[in-house]
Amino acid sequence: MNDLRHAFEQAAEAVKRLDYRPDNDTLLKLYALYKQGAEGDAHGEQPGFFDFVGTAKHEAWAQLRGLPQDEAMRRYVALVAQLQA
C-alpha cells in the first residue's frame, strides 16, 4: 500500500502541473476520487443550496460511497496519467 500511497501523492502533485485545465466533469471526477482515496466515504454537512460548486463536489464524492480507498487511489492515478498523455 505504501507504493500506491506514494503514486497517489505523486499524481496529486502532477495534476497541478498539467498544461491545460480539464473540463468540469473531469475536475469533479478528480476531486471525488482524490477525496475518496484520501478520506474514504463522504462525510460532513452538504453545502448550502446556493453553493453550487460545493454541492456538485460533495455529490460527486458521495456517489463513490463504498468504493475502497485503495481502488479510488488506483483510479485517480490512472486518470491523472491519462490526462498527462
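When a residue number appears, it is its place in the shown sequence, counting from 1.
The stretch residues 61-85 participates, sequence neighbours left out, in these ring-ring contact (aromatic ring centres under 6.0 Å, His included) pairs: F8-Y76, Y34-Y76, H43-W61.
Counting heavy atoms from C-beta on, the side chains of L30 and L83 come closer than 4.5 Å. A heavy-atom distance below 4.5 Å is not found between the side chains of Q10 and V77.
Put simply, the side chain of R75 never gets that close to the backbone of L33: no donor and acceptor are under 3.5 Å apart.
The residue from R74, Q84, K29 that alone fulfils the side-chain contact (heavy atoms from CB on, under 4.5 Å) condition with L79 is K29.
In this structure, CD in Q69 is found 11.5 Å from CG in L64, a value given to the nearest 0.5 Å. Residue Q82 holds its CD atom at 8.0 Å from OG1 of T26, rounded to the nearest 0.5 Å. The distance from atom CD of Q46 to atom CG of D51, rounded to the nearest 0.5 Å, is 9.5 Å.
Hydrophobic clustering keeps L67 apart from Y31 (ILVMFWY residues linked when any side-chain heavy atoms are closer than 4.5 Å, directly or through intermediates).
Residues passing the side-chain contact (heavy atoms from CB on, under 4.5 Å) test with E9, sequence neighbours excluded: R5. The side-chain contact (heavy atoms from CB on, under 4.5 Å) search around L28 returns A56, K57, A60, not counting sequence neighbours.
For the pair G66 and Q36, the tightest heavy-atom approach, listed with the atom from each and the gap, is N-NE2, 4.2 Å. Looking at every heavy atom in both residues, T55 comes nearest to G48 through OG1-O, 3.2 Å. Pairing each heavy atom of G37 with each of A72, the nearest pair is N-CB, 3.6 Å. When all heavy atoms are compared, the tightest approach of D23 to D25 is OD1-N, 3.0 Å. For the pair A14 and V80, the tightest heavy-atom approach, listed with the atom from each and the gap, is CB-CG1, 4.2 Å.
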